[in-house]
Novice: 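Structure provided below as structure tokens; questions to follow.
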Amino acid sequence: MDKRFPQYDELDLPKVAEEVLKQWETEDTFGQSLQLRKNAPPFVFYEGPPSANGLPGIHHVMARTIKDIFCRYQTQKGHRVDRKAGWDTHGLPIELGVEKELGITKEDIGKTISIEEYNAACKKAVMRYTDVWNDLTRRIGFWLDLEHPYVTYHTKYIESVWHLLKQLYDQDLLYKGYTIQPYSPAAGTGLSSHELNQPGTYKPVKDTSVVAMFRVIRNAASEFLFTPVENGRGEMVQWGDVFILAWTTTPWTLPSNTALTVNPGLEYVRVITYNPYRKNEKCTVVLAKAALERIFNRGWEYRITTNMEIDAEEDSAWKNEGQNARSLLWGVDGEFYGHQLEGVRYEQLLPYAQPEDGDAFKVIAGDFVTTEDGTGVVHTAPSFGADDQRVARQHGIGSLTLVDLRGRFKPEVTDFAGEYVKAEYLSAEEQAAEAKKQGRDKYLSVDERIAIKLKTEGRAFKVEKYEHNYPHCWRTDKPVLYYPLDSWFVRVTAKKDRLIALNKTITWKPESTGTGRFGNWLENLQDWNLSRSRYWGIPLPIWRTEDGSEEICIGSLKQLKEEIARSVQAGILPADPYAAFVPNDMSDANYDGIDIHRPYVDHIVLVSPSGKPMRRETDLIDVWFDSGAMPYAQWHYPFENEATFKEKFPAAFIAEGVDQTRGWFYTLHAIATLTQDSVAYQTVVSNGLVLDKVGQKMSKRLGNAVDPFKTLDQYGADAVRWYMISNASPWDNLKFDAEGITEVQRKFFRALFNTYTFFALYANIDGFDGTGEATLTESDRWILSRLNSVLKLADASYADYEPTIAARAIQDFVVEDLSNWYVRLNRRRFWKGELGADKNAAFRTLHRCLEVIAMLSAPIAPFFSDRLYRDLKGMSVHLSDWPKHDESLIDTELEQRTALAQKLTSLVLSIRKKEGHRVRQPLQKMLVPVTDAAMRTRLEAIRDLVLSEVNVKELVILDASESKLTKKIKPDFKKLGARMGKLMKSVAAAVNAFSQAQIAELEANGRLKLAIEGQEVELLREDVEITAENVPGLSVASEGPLTVALDITLTDELVQEGIARELVSRIQTLRKESGFEVTDRIQMRIGAGADGPITAALARFGSYITAETLSLTPVDQVLGDPDGLAGAVVHAVDLEDGVGCRIALSRVAS
RNA sequence: AGUCCUGUAGCUCAGCUGGUUAGAGCGCUACACUGAUAAUGUAGAGGUCCGCAGUUCAAAUCUGCGCAGGACUACCA
């Protein structure tokens, strides 16, 4: 037999994927698909570069699947979709990984290991897992040009980045500033705000918080705080020293305090009380009125001033228990506004050092001060807070920076010199060692010891643990400090309006990420801190004279060479270290011949216009700038490929995880806006997280991470991809459950595979070749109509970046419509009789369905659909053109009609079930009452279909209006509600209570007047739904408006036919069990009692039985002694209770 | 603390331009079917549609306030 259509024994998706992958590689199918669209309009996709120093996880399968889907879809739609791979190769994660491997810290770099060696190690480390990544990319079927990736450490890439920086510089969008920045002492670098905004950086921590007491110096400005008070004995006394209360959660910054900030517009109060940690020591404290309750909240007792002294003396409990006492006496004595406190001076709290760059220790005003927390007075340490620094600068206040870059106190802080300011910077062992030194069981943090010191000195009013969220370094997990640093910034705030306006033109999937998360981010934009004090990254191309008066930003290697030449000429640089480089030679060899990373680029000293030496600013740039520069740098634009760049900018589509919102999505957007005044991408899909099956984040620590390779091995890429896409929208988090993949495999892929196998089996037998006359039946037209509806929906969904809708529609079609309905109903047409117009129609229809489904599924399941398409059409589906949907083939009426047939069928089957009649037992008739002509027409059309489905001989259509059926009436709320309004409830109640007579009247007249709540309302026939509820005397089932009655009377003839069918079924099973081919002819003999039901059935339906079973035995010889049939095997068969026979079968040699 | 997303059957998800029996698949139970068969059909059990209030004749659907989970934002002294 000619096997035009390959047949398979079983479905093995991983094997299919492997084989198809091999085919792709030998045929270069990807290359062909690009070649095919060489001159087609481009669809531009940007691949976000992964960092190859870590292993890929299952979430990468998700992200890459999404990217692949739309690239494949657009290719099928006739676009040229180039996909250049890329690698993100610089940055902190890589450096920290290398440090760990080499067992060094940042301090060692340049000492125990040269920068050269260190960077070489980074370069090696970063590409370590490229093979693993490439393997994953291939195995999940993500088509990407892995042969020509862009790599961010290549000289060409860096040159493009320099060019971008120069553009920013020339627009005055790059500046150097001394600012307070988030700084990670553990990583040894400042952090940009978007690094701080990585998921999980803000964590709840319990810090020691202190309300410190700053002693006011008495002078003219503060005199009003020193007013004497009456002490209860009629004497006017000075109530102890006067203190300003200020709260902090970072006691380690107190030694660096240089000012106190109050809100000039807020009300403050003077409170007379006692020091909570010093028994019976009077004091006067100043704080915001609104903070009173919070500070004096421990059941501390409020007393009017005059009796306080006496009460305090009498209250021995208070005297002895101090802070633990039930009550602390206090009284408000004087109110004033914050601005009155301005200029008040106080004694330095912890006098370890004096600021040299300005005034200090006085009260200043700042609008940012609130009373939501603390005392309404902000302890101000200009070095460790952005607000602090700004307000201090405004008031000429100096600063103290008593902490070094590793997060340790400087020597001046004698009590704590050299100690880390955060306990988290010490390992458990170090903490234990420190505890020993301290002579304690447990290590006490600097914060805790400062609090103790203040308590003993009588300068603490309140010490509490305070839980709040604090930012942590995204790489080291250690707390961040705010620290004054010199850095270079991109002035993105200057273009804030453009950034916002351009964002509004971007299509975000889902929309809320763009308007909410990203939109809000842009609204609160901060300048982009570009500096990183590290080694492995793109060096900042700015050279400066020592005094900073002259500087130059280099935008190309050519320019650098020219400047070097000038410097050499001026005698500043002995020789050109890049002498080998030839400007304007764009060959890779020329570019790869030099290295412009540190330390090489650091050795270059340029000459300023006035002849002074200029050295490079030592910082690197933020790696996020690297990846944000990929639209330009991947093409070495503007030095090469200008046309290519222009054609491929901006991208039509990008996709990454939501975690990139403030990462890559932002840097792409910022750089494009600032340098091109354009978006970098028109559509962005941000996918959600992949969680484990109970909804927890996957992590190595929890051991619930899923290995992508094992998953692919086990299920094949198609099933994994299909599962991920069909289960939930990409932007919803996916609870990854392997059982879901199994289900997809079983339902969708097996149904599709079985359908194809079925087709191939009979198409091969009949030698179907797609030609010949074809007369489409109603069900052919139906499935083609459904197919076109699905095609239309899938097309629109893919175009709208809604792959889940497409996947579900395709899957439903395959499983329900095609496999469970069309193929099941039409089975006989495929194997019965010779190849003719009808059979041809069946083959063609099924072939078309499979072919289109292969094309629709190709973006999501690229391997299996390619195999399917190749088997059907002999070419790769990925080289095919997306099918056009044919509106004329969509027949809604037909689809509805078939839906009606399906519903009717299911109703009849449910009656059979209820009455205990199996489907093989034919029944005489079914009755369906109808209410209108349209319904009657529909029923006529599906009559044969339904009858054969449910094995009933006759369908009687009853006219519901005339018969004596019991009726049911239901108001149409949508129609009536609008008209009846408030009366609706009563109307509904009245309608539901209608008698059969009333229903009949409404049906007859078309209208009925009702009295509802004293008003007359008119009910029209269209306002209600009238359905038949019952057919007296018959077994009935109904669903909604549809009712079916089944006549279950059995005649002898019906019983015999049932037995005949039963026999056919048994014989077919026996044929199969005996290993006969579907086309084999047989001889048969049946032994049964002479006057039993089987004999009667054989007498009447013998020829039917022999025809169905391909039996050559003459009908009148079938009944006989089974043992008499030569070479046959005899089987005993029970048809139903008490009815049995013996059957002999033998194959006739063909 | 604020913003956004999510909350529907044991599980995964539809439905959500308001309309009266809230659906599917999986899983479970029972029965049936058998020329695709590790498939399929029918039936059953399983729901305070997260809670409360409001708008409305009518709310899973719209509004407000909560609760839970997640993501994000924040210099929070």
Side-chain angles (χ1 to χ4, degrees), chain A residues 10 180 182 196-197 199-200 202 209 246-250 253 261 366 368-370 372-381 384-390 468-471 482 510 512-513 515-517 520-521 524 658-659 661-662 688-689 691 693 695 697 726-728 731-733 735 737 739-740 742-743 746-747 750-751 753-759 761-762 804 808 811-812 815-816 819-820 823-824 827-828 830-831 905-906 909-910 912-914 916 918-920 970-978 980-988 1039-1040 1065 1068-1069 1071-1072 1078 1108-1110:
Chain A
E10 55 170 5
I180 308 300
L196 214 51
N197 289 331
Y202 279 83
S209 77
W247 180 63
T248 181
T249 55
T250 51
T253 60
T261 309
F368 65 90
V369 178
T370 67
E372 277 166 35
D373 282 305
T375 63
V377 181
V378 173
H379 141 60
T380 303
F384 303 112
D387 277 337
D388 299 31
Q389 193 223 17
R390 204 186 54 243
H468 62 143
N469 286 324
Y470 196 83
Y482 289 87
S512 61
T513 300
T515 53
R517 187 174 296 189
N520 291 345
W521 165 256
N524 300 312
V658 263
D659 49 333
T661 309
R662 271 110 178 181
L689 286 89
L691 308 169
K693 64 176 176 181
K697 242 183 184 169
S726 66
N727 188 68
W731 31 90
D732 289 334
N733 289 346
K735 288 184 198 159
D737 186 355
E739 281 190 32
T742 320
E743 191 182 324
R746 262 202 340 252
K747 301 232 48 134
R750 189 168 298 279
F753 171 79
N754 282 344
T755 306
Y756 168 76
T757 315
F758 173 83
F759 167 82
L761 175 65
Y762 295 109
T804 307
R808 287 176 178 170
Q811 178 167 327
D812 277 355
V815 176
E816 298 301 328
S819 173
N820 287 351
V823 172
R824 191 167 51 82
R827 273 187 289 217
R828 291 176 78 84
F830 290 89
W831 51 266
T905 306
S906 131
L909 290 174
S910 81
R912 276 182 172 277
K913 152 89 184 161
K914 194 170 61 188
R918 54 186 202 277
V919 177
R920 263 197 296 268
K970 205 178 85 181
D972 183 336
F973 282 84
K974 208 164 185 172
K975 273 200 191 104
L976 267 175
M980 298 295 171
K982 287 196 193 295
L983 293 178
M984 189 57 215
K985 254 185 190 150
S986 310
V987 173
E1039 186 195 319
S1065 149
Q1068 303 290 29
T1069 311
R1071 281 180 58 115
K1072 194 164 189 195
V1078 168
E1108 283 293 309
T1109 56
L1110 302 185

Novice: Listed by chain and number, what are the salt bridge (charged side-chain N to carboxylate O under 4.0 Å, His left out) partners of A/Arg827, not counting sequence neighbours?
Specialist: none
Novice: Counting the atoms with a prime plus P, OP1 and OP2 as sugar-phosphate, which does A/Arg808 contact under 4.0 Å by heavy atoms, base, sugar-phosphate, or nothing?
Specialist: sugar-phosphate
Novice: At under 4.0 Å between heavy atoms, what does A/Tyr762 touch on the DNA or RNA strands: base, sugar-phosphate, or nothing?
Specialist: sugar-phosphate
Novice: Please pick, from B/G19, B/U12, B/A77, the nucleotide with the shortest atom-to-atom distance to any side-chain atom of A/Lys974.
Specialist: B/G19
Novice: Residues two or more places apart in sequence or in another chain: which of them pass side-chain hydrogen bond (donor to acceptor under 3.5 Å, both in side chains) with A/Thr380?
Specialist: A/Thr261
Novice: Which part of the nucleic acid does A/Thr757 contact within heavy-atom distance under 4.0 Å: base, sugar-phosphate only, or nothing?
Specialist: nothing
Novice: Taking only residues two or more places apart in sequence, or in another chain, which ones meet A/Phe973 in a ring-ring contact (aromatic ring centres under 6.0 Å, His included)?
Specialist: none
Novice: Between B/G15 and B/C52, how far is it from one P atom to the other, in whole Å?
Specialist: 25 Å
Novice: Any strand counts, and the cut-off is 3.5 Å on both contacts for Watson-Crick or G-U wobble. Which nucleotide pairs with B/G46?
Specialist: none
Novice: Go through B/U20, B/A36, B/A77 for me and flag the one nearest to the A/Ser819 side chain.
Specialist: B/A36
Novice: Using purine N1 to pyrimidine N3 plus N6-O4 or O6-N4 for Watson-Crick, or N1-O2 and O6-N3 for G-U wobble, each under 3.5 Å, what pairs with B/C75?
Specialist: none
Novice: Which value, in whole Å, describes the distance between the P atoms of nucleotides B/U3 and B/G64?
Specialist: 12 Å
Novice: Let's see if you can work this out: which of B/A77, B/U12, B/A36 has an atom nearest to the side-chain heavy atoms of A/Thr250?
Specialist: B/A77
Novice: Where each residue is assigned the nucleotide of RNA chain B containing its nearest heavy atom, which of A/Asn754 and A/Asn733 is assigned the position nearer the 5′ end?
Specialist: A/Asn754
Novice: Just to verify, what does A/Thr742 make a side-chain hydrogen bond (donor to acceptor under 3.5 Å, both in side chains) with, not counting sequence neighbours?
Specialist: none
Novice: By the 4.0 Å heavy-atom rule, please label A/Gly977 as base, sugar-phosphate, or nothing.
Specialist: base
Novice: Between A/Val823 and A/Phe758, does the side-chain contact (heavy atoms from CB on, under 4.5 Å) criterion hold? Intermediate values first, please.
Specialist: CA-CA 9 Å; A/Val823 172; A/Phe758 173 83; 3.8 Å; yes
Novice: Give none if B/C4 has no partner; otherwise give the nucleotide forming a Watson-Crick or G-U wobble pair with it, both distances under 3.5 Å.
Specialist: B/G70
Novice: Looking at residues at least two apart in the chain, or sitting in another chain, which of them share a side-chain hydrogen bond (donor to acceptor under 3.5 Å, both in side chains) with A/Thr250?
Specialist: A/Thr248, A/Thr253
Novice: Enumerate all atom pairs, one protein N or O and one N or O from nucleotides 3-6 of chain B, separated by less than 3.5 Å.
Specialist:
| unit_1 | atom_1 | unit_2 | atom_2 | d |
| --- | --- | --- | --- | --- |
| B/U3 | O2' | A/Asn520 | ND2 | 3.1 |

Novice: Let me confirm one number: the CZ-CD distance from A/Phe753 to A/Glu10, rounded to the nearest 0.5 Å.
Specialist: 7.5 Å
Novice: When every nucleotide of nucleotides 25-32 of chain B is labelled 5' to 3' by its protein contacts under 4.0 Å (heavy atoms), B for base, S for sugar-phosphate only, - for none, what sequence of letters results?
Specialist: SSS---SS
Novice: Has the side chain of A/Thr261 got a donor or acceptor atom sitting under 3.5 Å from an opposite partner on the base of B/A77?
Specialist: no
Novice: Tell me which nucleotide, if any, is Watson-Crick or G-U wobble paired with B/A36 when both distances must be under 3.5 Å.
Specialist: none
Novice: Using a heavy-atom cut-off of 4.0 Å across all strands, would you classify A/Thr375 as base, sugar-phosphate, or nothing?
Specialist: nothing
Novice: How do A/Ser1065 and A/Met984 order along RNA chain B: which one's closest nucleotide is nearer the 5' end?
Specialist: A/Ser1065
Novice: Which nucleotide wins on minimum distance to the side chain of A/Val378, given the candidates B/C76, B/U73, B/A77?
Specialist: B/A77
Novice: Considering only atom P, compute the distance from B/U29 to B/C72 and round it to an integer number of Å.
Specialist: 42 Å
Novice: Is B/A14 paired to anything, Watson-Crick or G-U wobble with both distances less than 3.5 Å, and if yes, which nucleotide?
Specialist: none
Novice: Could you pull out all residues at least two apart from A/Glu743 that satisfy side-chain hydrogen bond (donor to acceptor under 3.5 Å, both in side chains)?
Specialist: none
Novice: In chain order, what residues pass the salt bridge (charged side-chain N to carboxylate O under 4.0 Å, His left out) check against A/Asp972, with sequence neighbours excluded?
Specialist: A/Lys975
Novice: Measuring only the C1' atom in each nucleotide, how far is B/U40 from B/U56? A whole number of Å is fine.
Specialist: 46 Å
